[in-house]
Amino acid sequence: MPRTPPAWRTAVPAWLGLVVLAVSAWMFVTVHGRLGEERAYDAARLTSVPATVEARVDEHRSRTVRHWLHVSEQGSGTSLRLRMSDYGSDALYESVRPGDRVTLVYWRGEARAVTFDGLTQQTHASPRGDWRLPMGIGQGLVPLGVLLFWTAWWNRHRYPTARARHIVNAGAVWVAGILAGTFAFFACAAGDSVTDVLLVAVCGIPPSAALGALFARLMRRRLRKADDTSDIVPRVPTARVTVRVGIHGDVPYSRAGYGLLVLGDGPPAATADPAGRVARVTLPDTLTVERVRGWRLGEDPDAWPGTYKFNGVVIECRDGERDVLIATRRRDAPLILGALLSPAAV
């Protein structure tokens, strides 16, 4: 049975996809500018100034540590507090001690690197490697933007007639896309050039697709297991019990908020009271059970699969000429069947 999704299910992903891809494009523009700065830095004639290490300070943040090197320029005596670069090796920072003599490398009036005993480490002000973070963000956002546009298209053209296995496949596409985007983001730390980063990001696509396919396979297996209701047999409730249900149909006992069913205390009754003592609507004797099944997209309310997930089943009933559907947890279905089918339960 075709469904008509609300307009926002197409419009919202499309607009979000547009925003995400626009941000990604801006990140790539930023990469171009920062690469130009890096090339200018590498080609420039740099100035070297001797200095003495005064202290090393580690600033601990939530999940990171910032390294600060306190130095004093020889001759001028100017004291500097240099934050070392987050990219590359920390070998120099780990090697120096207070009193060691180092060399500061200046470019455009600011210390961009520190050298010591054959080791060189860039400072946070260095343009070298500044392109990596925007490159990672740009790469990581591309799969997300494409996924959002694809979701808008899928909601408009595929969702109205999609079966449960198609919904699972759509979820697998998202899993693969998110994994590919995550891999692409962290690829920004690999290699020495933009080409290296792109190649590493591309290498993440096959394993991401494989994991997405594995997710789809596992979900379809769970779906097939959820559709198998052969193990559900009626069991007459021997004591009063209240179970969670959803009743759907053009009948007086299908009411908003009446999401519980009282069993084992007279005829089954829908209620909004967790204790099951008040606000009860008795299910009529004309309600007959036809069969038990799994979910059917398009026929069942959209909220049911999200509420019960793979642990739910639907009891198809008839009340005169009207169809009635009762959704419940698999473990509660035998008691409901027993109450509806056995005269002893009433």
Side-chain angles (χ1 to χ4, degrees), residues 23-141 182-201 204:
V23 173
S24 175
W26 176 249
M27 289 293 104
F28 288 131
V29 171
T30 303
V31 168
H32 179 74
R34 294 190 178 185
L35 282 172
E37 285 283 298
E38 183 177 89
R39 286 191 291 268
Y41 173 66
D42 290 338
R45 180 175 296 178
L46 306 176
T47 303
S48 298
V49 176
T52 302
V53 176
E54 295 182 339
R56 296 185 314 170
V57 178
D58 294 331
E59 181 184 349
H60 294 271
R61 300 236 165 178
S62 56
R63 295 185 179 180
T64 60
V65 179
R66 290 181 177 179
H67 300 310
W68 296 87
L69 194 63
H70 294 241
V71 299
S72 175
E73 291 184 356
Q74 295 181 15
S76 67
T78 303
S79 293
L80 300 175
R81 182 172 179 260
L82 303 175
R83 178 184 169 188
M84 307 309 290
S85 176
D86 297 325
Y87 304 114
S89 171
D90 292 328
L92 181 143
Y93 180 81
E94 299 295 339
S95 299
V96 297
R97 296 292 184 270
D100 286 341
R101 292 185 177 182
V102 297
T103 300
L104 307 182
V105 179
Y106 274 83
W107 182 60
R108 295 180 180 176
E110 192 169 358
R112 310 286 181 160
V114 180
T115 63
F116 170 74
D117 196 20
L119 299 173
T120 299
Q121 185 171 346
Q122 304 297 313
T123 68
H124 188 67
S126 172
R128 188 170 294 166
D130 268 2
W131 54 271
R132 291 185 181 274
L133 182 58
M135 184 73 183
I137 295 174
Q139 287 186 151
L141 290 179
T182 302
F183 195 94
F185 172 77
F186 287 105
C188 70
D192 298 320
S193 66
V194 171
T195 302
D196 293 342
V197 172
L198 288 172
L199 287 175
V200 173

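These values consider heavy atoms only, across backbone and side chains, with no hydrogens, waters or symmetry-generated copies. In this chain, numbering begins with 1 at the start of the sequence shown.
- The CH2 atom of Trp68 lies 10.0 Å from the OG1 atom of Thr123; values are rounded to the nearest 0.5 Å.
- The shortest heavy-atom contact between Ala55 and Pro98 is CA-CG, 4.4 Å.
- Taking 4.5 Å as the limit, every side-chain heavy atom of Val71 sits out of range of all side-chain heavy atoms of Glu54.
- Residues His67 and Asp58 are in side-chain contact: their nearest non-hydrogen atoms beyond the backbone lie under 4.5 Å apart.
- In Asp192, the CG atom is not crowded: 12 or fewer heavy atoms of neighbouring residues, nucleotides or ligands sit closer than 6.0 Å.
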TODO: Take Met84 and Asp90 through the side chain to side chain contact (heavy atoms under 4.5 Å, CB included) test and state the conclusion after the steps.
DONE: CA-CA 8 Å; Met84 307 309 290; Asp90 292 328; 5.5 Å; no
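- Inter-residue side-chain proximity for Thr120 and Val105 is flagged as unmet; no heavy-atom pair is nearer than 4.5 Å.
- For Phe116, the ring-ring contact (aromatic ring centres under 6.0 Å, His included) criterion is met by no residue, not counting sequence neighbours.
- Atom CZ of Arg83 has more than 12 neighbouring heavy atoms from other residues, nucleotides or ligands inside a 6.0 Å radius.
- The number of heavy-atom neighbours closer than 6.0 Å to CZ of Phe186, taken from other residues, nucleotides and ligands shown, is 12 or below.
- In this structure, Arg56 forms a cation-pi arrangement with Tyr93, its terminal cationic atom sitting closer than 6.0 Å to the ring centre and no more than 45° off the ring axis.
- Counting heavy-atom neighbours within 6.0 Å of His124 NE2, excluding the residue itself, gives a total of 12 or less.
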- [ ] In sequence, state the C-alpha distance, the side-chain angles, and the governing distance for Leu104 and Leu80, and then conclude on side chain to side chain contact (heavy atoms under 4.5 Å, CB included).
- [x] CA-CA 10 Å; Leu104 307 182; Leu80 300 175; 3.7 Å; yes
Donor-acceptor pairs are to be reported for all side-chain atoms of residues 23-34 against protein atoms at under 3.5 Å, with residues two or more places apart or in another chain.
from	atom 1	to	atom 2	distance (Å)
Ser24	OG	Gly138	O	2.8
Thr30	OG1	Trp26	O	3.0
Arg34	NH1	Asp130	O	2.9

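- The CG atom of Leu82 lies 10.5 Å from the CD atom of Gln121; values are rounded to the nearest 0.5 Å.
- Listed here is the closest heavy atom pair of Ala201 and Ala187: N-CB, 3.8 Å.
- Across Ala184 and Gln139, no two heavy atoms sit closer than the pair O-NE2, 2.8 Å.
- By the 4.5 Å heavy-atom criterion applied to side chains, Leu141 and Phe185 are not counted as neighbours.
- Annotation: side chain of Asp100 is not in contact with side chain of Asp117 (no heavy-atom distance under 4.5 Å).
- Residues Pro127 and Arg112 are in side-chain contact: their nearest non-hydrogen atoms beyond the backbone lie under 4.5 Å apart.
- Listed by chain and number, the residues in a salt bridge (charged side-chain N to carboxylate O under 4.0 Å, His left out) with Arg108 are Glu37 (sequence neighbours excluded).
- Glu59 places no side-chain N or O within donor-acceptor distance of the main-chain N or O of Arg66, the cut-off being under 3.5 Å.
- Counting heavy atoms from C-beta on, the side chains of Val57 and His70 come closer than 4.5 Å.
- Shortest non-hydrogen contact noted between Leu119 and Leu92 is O-CD1, 3.3 Å.
- Closest approach of Gln122 and Ala113 over heavy atoms only: OE1-CB, 3.8 Å.
- Atom OG1 of residue Thr52 and atom CD of residue Glu73 lie 10.5 Å apart, to the nearest 0.5 angstrom.
- The two atoms that bring Ala190 and Val200 nearest to each other are CB-CG2, 3.8 Å, heavy atoms only.
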- [ ] Report the C-alpha distance between Leu198 and Met135 in whole Å, list the side-chain angles of each, state the deciding distance to 0.1 Å, and finish with yes or no for side chain to side chain contact (heavy atoms under 4.5 Å, CB included).
- [x] CA-CA 9 Å; Leu198 288 172; Met135 184 73 183; 3.5 Å; yes
